[in-house]
Each structure stands twice: as structure tokens, then as C-alpha cells.
Amino acid sequence: VQLQASGGGLVQAGGSLRLSCAVSGTIFSMNDMGWYRRAPGKQRELVAVIDTGGRANVADSVSGRFTISRDNGKNTVYLQMNSLKPEDTAVYYCNAQRVRVRWYEPGNDYWGQGTQVTVSS
């Protein structure tokens, strides 16, 4: 099982980016998927998480600007980021929780490799 994130880049303040993260490999099921970020000199923080039913929680700092979604058929989670600010600059990591390859397994959490988002002022 691997998570492959893409979509990061350099954008001016006020611009938009869309991150994608696809889970590869044969899996039986997985629970929540989410996005985290780590800015220089700061700890990793939760950006947004979404469950299998599409219910989402978004951090206050990005509420109203970022939207998380997922395609269960494609095992992919997305993060649409609008009205980007310089303080959104960070490495963004995707996460998949309780990924089960076989039905009888308890499941493991997996992380993507991270994608850099840089917002210039």
C-alpha cells in the first residue's frame, strides 16, 4: 500500500491549488482520509479529514477556503485550496487511517510522501 500525493507548487497569494492523494495497492477497506501540513519551524497540524461517508472536518485556519473530498471508488482524497495565503506555505501530507488489505486485519495508518505548497505574497 502506498499513498502518492500530487498537486503542490508555487502560487501567488489569493490563488488556488488542488492536491490529490491516491492510495495504490489492493485494499479491502480504509477509514478516514486526511491532509496534514508542516510549516518551517512548526509542528505538523491537521488541515482536514473526511470519513467514508463524506463527513468532513476542517481546521479553523482554513475553514471557508479549503475543501476536502474523496472518491471512494478511486481510493483518492482531494484538497481544494482557494484564497491561499503565505501562511499556508508548508509541506502537505496525506493520510489514510485503518487501511486493511484483508478483511480480518485490524488495519494500519499510511502517509504520503508530502508535497510542497509555497504561497508568495
Side-chain angles (χ1 to χ4, degrees):
V1 176
Q2 290 186 329
L3 272 63
Q4 183 66 44
S6 61
L10 173 64
V11 64
Q12 289 188 334
S16 298
L17 285 173
R18 188 189 193 213
L19 305 183
S20 299
C21 178
V23 179
S24 63
T26 302
I27 65 172
F28 174 74
S29 68
M30 62 181 165
N31 287 9
D32 295 357
M33 300 184 77
W35 290 94
Y36 293 73
R37 67 185 181 186
R38 177 175 286 162
K42 295 186 178 181
Q43 291 187 334
R44 186 175 61 193
E45 64 174 353
L46 173 67
V47 177
V49 63
I50 186 168
D51 68 14
T52 55
R55 290 173 291 270
N57 283 311
V58 180
D60 290 343
S61 59
V62 304
S63 180
R65 300 187 296 120
F66 291 11
T67 302
I68 188 171
S69 61
R70 67 189 283 176
D71 185 331
N72 291 328
K74 296 181 179 179
N75 291 331
T76 300
V77 63
Y78 306 95
L79 186 67
Q80 178 65 45
M81 305 184 294
N82 299 328
S83 302
L84 282 160
K85 303 176 180 180
E87 51 262 44
D88 295 319
T89 295
V91 178
Y92 285 70
Y93 299 90
C94 58
N95 167 261
Q97 298 182 11
R98 200 185 173 193
V99 179
R100 295 192 289 171
V101 177
R102 300 172 184 83
W103 65 269
Y104 53 82
E105 296 177 341
N108 295 297
D109 294 351
Y110 290 88
W111 291 89
Q113 82 283 10
T115 184
Q116 177 70 47
V117 171
T118 303
V119 185
S120 63
S121 57

Taking all heavy atoms of Ser121 and all of Ala13, pick out the closest pair and write down the distance. CA-CB, 4.4 Å

Give, for atom OG1 of Thr76 and atom CG of Leu3, the distance between the pair rounded to the nearest 0.5 Å. 9.5 Å

Please say whether the positively charged group of Arg38, taken as NZ for Lys or CZ for Arg, lies over the ring of Trp111, i.e. under 6.0 angstrom from the six-membered ring centre and within 45 degrees of the axis. no

Can you find a heavy atom in the side chain of Val117 that is under 4.5 Å from one in the side chain of Val119? yes

Just verifying a value: how many Å separate Ile50 CD1 and Asp32 CG, rounded to the nearest 0.5 Å? 9.0 Å

Test your reading of the model: is there a side-chain donor-acceptor pair from Arg65 to the backbone of Ser83, 3.5 Å cut-off? yes

Once you round to the nearest 0.5 Å, how far does OG1 of Thr52 lie from CD of Gln97? 11.5 Å

Is the side chain of Gln113 donor-acceptor paired with the backbone N or O of Ala5 at a distance under 3.5 Å, no angle test? yes

For atom CD of Glu87, decide whether the heavy atoms of other residues, nucleotides or ligands shown that lie under 6.0 angstrom number more than 12. yes

Heavy-atom nearest pair, Ile68 first then Ala56, reads CG2-CB, 3.5 Å

Evaluate the side-chain proximity of Ser61 to Arg37: yes if any heavy-atom separation is below 4.5 Å, no if none is. yes

Could you tell me if the side chain of Val99 sits less than 4.5 Å from the side chain of Asn108, heavy atoms only? no

Shared hydrophobic cluster for Tyr36 and Val77 (ILVMFWY, side-chain gaps under 4.5 Å): no

Min side-chain heavy-atom separation Asp71-Tyr78 under 4.5 Å: yes

Using the side chain to side chain contact (heavy atoms under 4.5 Å, CB included) definition, which of the options Tyr93, Phe66, Tyr92 pairs with Leu19? Tyr92

Residue pair Val23 / Tyr110, side-chain heavy-atom distance below 4.5 Å: no

Would Val62 and Met81 count as a side-chain contact (heavy atoms from CB on, under 4.5 Å) if you check the C-alpha gap in whole Å, the side-chain angles of each, and the deciding distance to 0.1 Å? CA-CA 9 Å; Val62 304; Met81 305 184 294; over 6 Å; no

Nearest heavy-atom approach of Ser16 to Gln80 is CB-NE2, 4.0 Å

Could you pull out all residues at least two apart from Asn72 that satisfy side-chain hydrogen bond (donor to acceptor under 3.5 Å, both in side chains)? Arg70

If only side-chain N and O atoms count, and only distance matters, is there a donor-acceptor pair under 3.5 Å linking Gln4 with Ser6? no

How about Cys94 and Met33: do any of their side-chain heavy atoms sit closer than 4.5 Å? no

Flag side-chain contact, heavy atom, 4.5 Å: Gln116 against Thr89: yes

Return the CG to CD1 distance between Asn75 and Ile27, rounded to the nearest 0.5 Å. 4.0 Å

